[in-house]
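In the text below, chain A, chain B and the rest are named by the order of the sequence lines, each starting its count at 1.
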Number of protein chains: 2
Amino acid sequence: MTAPAAIREKHDGAMGAHGNVRLWLRLLTCATVIEKRIKRRFADRFGVTLPRFDVMAALDRHPEGMTMGQLSQALLVSNGNVTGVVQTLARDRYVSIAPSPTDGRASIVRLTQQGRECFAGLADAHHDWIDAMLAGLSRDQRTALYDLLGALKHSLAADTGKEDA
Amino acid sequence: MTAPAAIREKHDGAMGAHGNVRLWLRLLTCATVIEKRIKRRFADRFGVTLPRFDVMAALDRHPEGMTMGQLSQALLVSNGNVTGVVQTLARDRYVSIAPSPTDGRASIVRLTQQGRECFAGLADAHHDWIDAMLAGLSRDQRTALYDLLGALKHSLAADTGKEDA
DNA sequence: GCCTAAAATTTTAAGCTTGAAATATCATAT
DNA sequence: ATATGATATTTCAAGCTTAAAATTTTAGGC
């Protein structure tokens, strides 16, 4: 077996001694590599984009349906964005859009039967891919990484960005 | 002082017991939050987009200039992408595009004086923002996180994606 | 010189993303 | 009833992203 090719770091060799920036770039690189790999595999093997998968995943957990605004909040993306993704999903018959019976402004989006079946396959593959990509880490390493990322999340929540700078 | 608001995790509450997927979603959330925050601040305070900053950062480390292909490789994005970003950067006089003296196919992109000055301010702010966002982690935590992400990088390099799936 | 394969780049089409402006509806106070 | 402000959504313009096709140039082989 040949040694696997090392993954190049974005801005490799840059930033000199700024350890924090290097940490951030390494984090970004890992996230980007995983995301692009999943995106590529979804496209190649299922003909599905990542945003569509995200919408379907959210809807799968809410069989009663979700409004556009709820989807926007759950996925951390803008309202206008959801409109476009849901429209193509509806065009391809993966979701249905129905007017809300209680609120004339809102629409209720639901997975169709076809959408549910499609998503089941996507979720299985997704799960397997993640497992394989993390296989090089021990159980302890994964736990430690999960906890440290939790600490980072806290640190991010504490940084309001209001420093005058 | 009020407690900072917790950061919602993408697909919060989803995925049940699949620890690996949860680890991935937490990693993705951290990267996304940091990236969006930087993007927003660059836009608000400097009127610059992240891709343009990335190109300027690469060029700043290569005063001799880079070809489109080198930029594409360094930034892990497609060729066609670089073309567009560099063109708007050139339109705004931050970079110059000159034909290569040795290869008629290639162009050489360089930061202009205006580009260098602009980038210096961007890099300073960028550095400060990262420091502030990581301030909640101890030195040991940052070292541990950096090392674990290094292990993850190795794990990613080992996963070829050739499993039949 | 001429042909061909490889390399660097640009162009194109489709889709994602955002923020801001525009629409439509709801809820409430008069 | 009607005016007001808030809410849900859509539309729009600008920019990023990719893959694939087209273009241009290089480098060799004949």
How would you give the extent of chain A contacts on DNA chain D, as first and last nucleotide 5' to 3' within a 4.0 Å heavy-atom cut-off?
D/dT7 to D/dA19
Cation-pi between B/Arg41 and B/Trp129: NZ/CZ under 6.0 Å from ring centre and within 45° of the ring axis?
yes
Let me know the distance between CZ of A/Phe42 and P of C/dG15, rounded to the nearest Å.
18 Å
Sequence neighbours excluded, the answer for side-chain contact (heavy atoms from CB on, under 4.5 Å) partners of B/Ala43 is none
What heavy-atom pair brings B/Leu111 and B/Arg116 nearest, and what distance separates the two atoms?
O-NH1, 3.4 Å
Where each residue is assigned the nucleotide of DNA chain C containing its nearest heavy atom, which of A/Arg52 and B/Val82 is assigned the position nearer the 5′ end?
B/Val82
Residue whose closest nucleotide on DNA chain D lies nearer the 5' end, A/Gln70 versus B/Thr49
A/Gln70
Nearest-Å distance, CD (A/Gln87) to C1' (C/dG15)?
13 Å
Just to verify, what does A/Arg110 make a side-chain contact (heavy atoms from CB on, under 4.5 Å) with, not counting sequence neighbours?
A/Ser96, A/Ala98, A/Ile108
I need the CG-C1' distance between B/Asp44 and C/dT18, as an integer number of Å.
12 Å
For DNA chain C, what residues of residues 89-112 of chain B have any heavy atom nearer than 4.0 Å?
B/Arg105, B/Ala106, B/Ser107
Rounded to the nearest angstrom, tell me the gap between atom CG in A/Asn79 and atom P in C/dA22.
17 Å
Within this structure, what is the NZ-to-P distance between A/Lys36 and C/dC16, rounded to whole angstrom?
17 Å
A/Arg45 side chain to A/Ala125 main-chain N or O, any donor-acceptor pair under 3.5 Å?
no
What pair of heavy atoms forms the shortest contact from A/Asp159 to B/Ala132, and how long is it?
OD1-CB, 3.6 Å
A/Glu64: partners by side-chain contact (heavy atoms from CB on, under 4.5 Å), with sequence neighbours left out
A/His62
Sorted by chain and number, sequence neighbours left out, side-chain hydrogen bond (donor to acceptor under 3.5 Å, both in side chains) with A/Gln114 holds for none
Assign the ring pair B/Phe53 / B/Phe42 to parallel, tilted or perpendicular, where the plane angle (0 to 90°) is split at 30° and 60°.
tilted
Please report the distance, rounded to the nearest Å, between CG in B/Leu50 and C1' in C/dT17.
13 Å
